[in-house]
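Basis for what follows: all heavy atoms, side chains included, without hydrogens, waters or symmetry-related copies. Labels below follow one simple rule: chain letters A, B, ... track the order of the sequence lines, proteins then strands, and each chain is numbered from 1. Values in this document were obtained by computation on a predicted structure and should not be read as measured data.
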2 protein chains.
Amino acid sequence: MALDFEIQTAKAPARRGQLTTPHGTVETPVFMPVGTQATVKGVPQDVLEELGVAILLGNTYHLMLRPGVEQIRKLGGLHRFMSWPRAILTDSGGFQVFSLNQLRKVTEDGVTFRSHLDGSSHFLGPEQAIEAQIGLGADIIMAFDECTEYPAVPSRARASMEMTLRWAQRSKEYFEEHEQEVPWSCDGRVGAGTLTRPAELRSAFRQHSSPAQMRVSEPTRAEETQALFGIIQGGMDHALRKESAERTVEIGFDGYAIGGLSVGEPRELTREIVESTLEHLPKDEPRYLMGVGTPEEIAEYANLGVDMMDCVLPTRAARHGLLYTSEGKISIKQARYASDPGPLDPNCSCRVCQRYSRAYLRHIYAANELLAQTLNTIHNLSFYLDTMRRVRHSI
Amino acid sequence: MALDFEIQTAKAPARRGQLTTPHGTVETPVFMPVGTQATVKGVPQDVLEELGVAILLGNTYHLMLRPGVEQIRKLGGLHRFMSWPRAILTDSGGFQVFSLNQLRKVTEDGVTFRSHLDGSSHFLGPEQAIEAQIGLGADIIMAFDECTEYPAVPSRARASMEMTLRWAQRSKEYFEEHEQEVPWSCDGRVGAGTLTRPAELRSAFRQHSSPAQMRVSEPTRAEETQALFGIIQGGMDHALRKESAERTVEIGFDGYAIGGLSVGEPRELTREIVESTLEHLPKDEPRYLMGVGTPEEIAEYANLGVDMMDCVLPTRAARHGLLYTSEGKISIKQARYASDPGPLDPNCSCRVCQRYSRAYLRHIYAANELLAQTLNTIHNLSFYLDTMRRVRHSI
């Protein structure tokens, strides 16, 4: 097994655990910031470390188009490429193929689509998605799935679910044949790392070569592989979700994700589907709810027993001046903050709230300054991570 | 006197000194990064501190238009507004009025111009420029001058220089009548600072109230005022420059700036004018060369005896992917860096060169990521500050 997942305490259905990856241990439930193009927009990696980010998400679709998987693989994989020594999860690329491409063509093999960057034609199926994710070398990678649209008639939801199951099987088979190709598991041969390397990269390199330093209890090299998660689909139908869960578990993965939610359905329905799907997932494996949500929602889902979540909301909202605080959501562009000398959130200990006033944050946002996006993102991420910290302590 | 300037060593004409301001001591020769709108574009204040920035420059023109001088004054002045505990210099606004406004109208009183933001009409003369700079509360403020255009016929250069001299006199008179109005020198009444203040702001506040902590040798409150610098003009004419210098010194300022250069003239001419103007400035007062230059140039001018310089070049070039290194200038967007695992500058110890590869910097620049602008700017500033550090050590 590439992952070690240990539940430490539980207040059913919620549970608190530790997910041990080749790049460090992750306390769960965990929120994973999104680093689409090998960067969490506007935030330097050392600040992410300081915030306590233990795992972040990279988007295979974006990275395969730019700078390209082969480029990253040759440079030693995504960890070294972006100088991120902690854990990474990549999605399969499927979601972006479906959401960013009007002209896609789906067959049993996979999806033909055009790059949103230059219109060039590309193909992604289960084998290609896993090959790309092995090349990127995240700690946790995802099976290739079809995200069923909302609403979908019953026959469509079933057909889509069945295809996702067949793709899950193919994803697993390809992974098992090729998992040794991960760029950080090849006995010290770590890509093109022969030239001078900055100190931090060397340090990351040492972690890759000697995971024993990080996982004292299980130091064998065989564990130094990626983990593959399966994805549950089934639309908004409880019975289909149950069937998808059971048959995906039957194929067998290192963890299970709930996909196909937050696609336009009402929030109450999201919650119902999450709750009923979780019942059919193994209690001792990590559970990942994809693409949710507000601070209230991530706390709610964690309390339902979800272990991992990701969402672009804190980072995207920050870039639009929407800031989450202990006193509610703030639109920093509002004129009322222009003379406000107080911190953004008096109950927040992040470096933004410790140093800058609302008046200053409002000014740099209104003046279209780069720093506004950076500081706003740091605060929102801090708020999300604090929210999860509080949930963990409450379990 | 608001400033204490002490020359420690000299290798004539170069000199190494210490400029003590109400907000800390500045080692000279010094490079001052430009923080136009109360932020050095893309770089958080704590990173500027870590880089060793001892003094930065704010632009009165931009700040008076947005967020407005009164706004900043009410919030305790620019230091507290932007949470910058070290020294600040503001320009008079004159340069931007001349360079950003096609429709300006110049009279003996001053300049009527339209805001580049919303077209609203504004007026700036010596009194208004000093009033604005007192409201902003920088440690060093500048007399209002006319930057003579290049090329200029002799009669135009003289008329412009004469007006700058009259404006210098008026600047000084207004300053002497109003210098006690600086927001940080009013016996603890520091603007609207009654609400909750972040820790760092409180710390800055303590510095304002108790400069004794920073200037042990001269702790009297009377010193806690701003310093006013005069500006030498005179176009590209050595005789006019000499006359401008002598008559400006006669008016009497805390320091002297050389203005009206880097306006399109050949670099050799810049150097000649700098060299000949310096001869007519007091040896024991700080000398500030405005708006220059490349790393080679700032080293050259420092070796000619200039104590202070500012330039948008390192920050602006960074945002365009142009990076200064010990091996020459690099355009990081070039494809040749896409696979380069080495640091940007192997001889640089900045946090960017310590952590990231050229391949990564190239990727995030090509992908138009915010982080590219931040990391590029941090490196270029580090390179400039290191350049000045080396010059200081060589004197």
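Atom-to-atom distance recorded for A:Lys41:NZ and B:Ile364:CD1 is 10.5 Å, nearest 0.5 angstrom. Atoms OG1 and CG, on A:Thr39 and B:Leu371 in that order, are 4.5 Å from each other to the nearest 0.5 Å.
Listed by first then second residue, pairs satisfying side chain to side chain donor-acceptor pair (under 3.5 Å) with a partner in residues 310-322 of chain B read B:Tyr288-B:Asp310, not counting sequence neighbours.
In terms of heavy atoms, B:Leu75 sits closest to A:Ser339 at CD2-O, 3.7 Å. Taking each heavy atom of B:Tyr356 and A:Gln45 in turn, the nearest pair found is OH-N, 3.0 Å. Contact detail for A:Pro85 and B:Arg355: the closest heavy-atom pair is CD-NH2, 3.5 Å. Here the closest heavy-atom approach between residue A:Gln71 and residue B:Ala338 is recorded as OE1-O, 3.3 Å.
The number of heavy atoms from other shown groups lying within 6.0 Å of CZ (B:Phe383) is above 12. Within a 6.0 Å sphere centred on CZ of A:Phe95, other residues, nucleotides and ligands contribute 12 heavy atoms or fewer.
With sequence neighbours excluded, no residue forms a salt bridge (charged side-chain N to carboxylate O under 4.0 Å, His left out) with A:Arg362. Judged as a salt bridge (charged side-chain N to carboxylate O under 4.0 Å, His left out), and not counting sequence neighbours, the contacts of A:Asp386 are A:Arg389.
Using non-hydrogen atoms only and a strict 4.5 Å limit, the part of residues 31-38 of chain B facing chain A consists of B:Gln37, B:Ala38.
The choice from B:Ile72, B:Asp46, B:Val40, B:Leu375 that makes the most heavy-atom pairs within less than 4.5 Å of chain A is B:Asp46.
Ring pair B:His363/A:Phe81 is tilted by interplanar angle, where 30° to 60° counts as tilted.
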